[in-house]
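Note sheet for the following structure.
These figures come from a predicted structure and were not determined experimentally. Within every chain, numbering begins at 1; the chains are lettered A, B, ... in the order of the sequence lines, protein sequences first and strands thereafter.
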There are 2 protein chains.
Amino acid sequence: MTHQRRLLIQIIQSAESHLDAIALWERARGQDPTLNKVTVYRTLAMLKKYGLVDELDLMHLEGGKHFYEAKASRGHIHLACLKCGRIQEFESSLFEKLKGQIERQRRFSIKVVRVEAGGYCDKCREQ
Amino acid sequence: MTHQRRLLIQIIQSAESHLDAIALWERARGQDPTLNKVTVYRTLAMLKKYGLVDELDLMHLEGGKHFYEAKASRGHIHLACLKCGRIQEFESSLFEKLKGQIERQRRFSIKVVRVEAGGYCDKCREQ
DNA sequence: GTACTTGCAAAGATTTTGCTTCCAA
DNA sequence: TTGGAAGCAAAATCTTTGCAAGTAC
């Protein structure tokens, strides 16, 4: 556990929004200007591998980058507005049931699930 | 409707597996060796924009590329085995219910949904 | 004829790798 | 002290852009 990792983990956990690798790097550089971009990628890969962060694409509203969030105790769905770009989160017991159904019917042991919906949010659909 | 587009669409629709941009390009070049990679990217962007193909990440088992499939009448979930890399598809009425719940509760008009699960398939979990 | 599409080359962006140095345990 | 981690530079991917030439309708 190096201080670089501690810093990156702390930024991810306290982030109010989903950060991509570069945004994470820029925040980290505020605290430690010598921290290298490669370290960010390597740390994210490790956290992802151990299931400590979830990787999101958020429907690729801004190109091919990935976003990261600390693993939540309860799974949630991301709703990305294709017009204004707002990201909402949505929790549902149906989602939990769906996961259970997959595990039982396919005998598939789920480690991570990503649900992302693209569409128009309540504000944008009225316009 | 150019012959390049016709060819690319035909390959996507008849593909037995999910193709990424480069794989699609390679297949297309078999028929039309002059077809450019850029045309593939542009055509995929157009098909995606008009909702004719779905873009998948399949948990990024092989790096940051995207995979494409012709839009199916019924939505389905992709299960990616983190060990052997096999991709399974899964259909469920719970998934349809979940979409309806999101549309009603959040007044969010869904255009595309992507559900991808990573984990261990029945064969790999036993080892 | 004209607006849209393609091909080509080059650039941009993201992510990975090799290797040396450094540091946490 | 030592194995893993960080930094640096460079490469490897993947994707987008500008522009001239071509083509569907």
Taking ring-ring contact (aromatic ring centres under 6.0 Å, His included) as the definition, give me every residue that meets it alongside B:H78, ordered by chain and number, with sequence neighbours left out. B:H18, B:H76
Under the ring-ring contact (aromatic ring centres under 6.0 Å, His included) test, residues paired with A:H3 that sit two or more places apart: none
With [X], which residues qualify under side chain to side chain contact (heavy atoms under 4.5 Å, CB included), at least two apart?
| X | result |
| --- | --- |
| B:A80 | B:M59, B:L61, B:I87 |
| B:E126 | A:R107 |
| B:R6 | B:M1 |

Identify, with sequence neighbours excluded, every residue that meets side-chain hydrogen bond (donor to acceptor under 3.5 Å, both in side chains) alongside B:Q10. none
side-chain hydrogen bond (donor to acceptor under 3.5 Å, both in side chains) with B:R86: which residues, sequence neighbours excluded? B:D122
Near DNA chain C, under 4.0 Å by heavy atom, which residues of residues 27-46 of chain B? B:T34, B:L35, B:N36, B:V38, B:T39, B:R42
Interatomic distance where [atom1] belongs to [X] and [atom2] belongs to [N] [whole Å]:
| X | N | atom1 | atom2 | value |
| --- | --- | --- | --- | --- |
| B:I22 | D:dT13 | CD1 | C1' | 9 Å |
| A:H60 | C:dT15 | NE2 | C1' | 14 Å |
| A:L7 | D:dA5 | CG | P | 17 Å |
| A:Y68 | C:dT14 | OH | P | 12 Å |
| B:L56 | D:dC14 | CG | P | 16 Å |
| A:W25 | D:dC8 | CH2 | P | 10 Å |
| A:D20 | D:dT15 | CG | P | 16 Å |
| A:D57 | C:dA13 | CG | P | 19 Å |

Does A:L98 sit in a hydrophobic cluster with other residues, and if so which ones, taking ILVMFWY side chains as linked at heavy-atom separations under 4.5 Å, directly or through other members? A:I77, A:L79, A:F90, A:L94, A:F95, A:I102, A:F108, A:I110, A:V113, A:V115, B:I77, B:L79, B:F90, B:L94, B:F95, B:L98, B:I102, B:F108, B:I110, B:V113, B:V115
Starting from the first five and the last five pairs of the helix from C:dG1-D:dC25 to C:dA25-D:dT1, work out the angle between the resulting helix axes, to 10 degrees. 50°
Looking at A:H60, is its backbone amide N or carbonyl O close enough to the side chain of A:D57 to form a donor-acceptor pair, meaning the two atoms are under 3.5 Å apart? no
Any donor-acceptor pair under 3.5 Å linking the side-chain atoms of A:Q4 with those of A:T39? no
Check the interface with nucleotides 21-25 of chain C: list each N/O to N/O pair with the protein under 3.5 Å, or write none.
from   : atom 1 : to   : atom 2 : distance (Å)
C:dA24 : O3'    : A:M1 : O      : 3.4

Sort and list the pairs that fulfil salt bridge (charged side-chain N to carboxylate O under 4.0 Å, His left out) and have at least one residue in residues 25-34 of chain A, not counting sequence neighbours. A:E16-A:R27
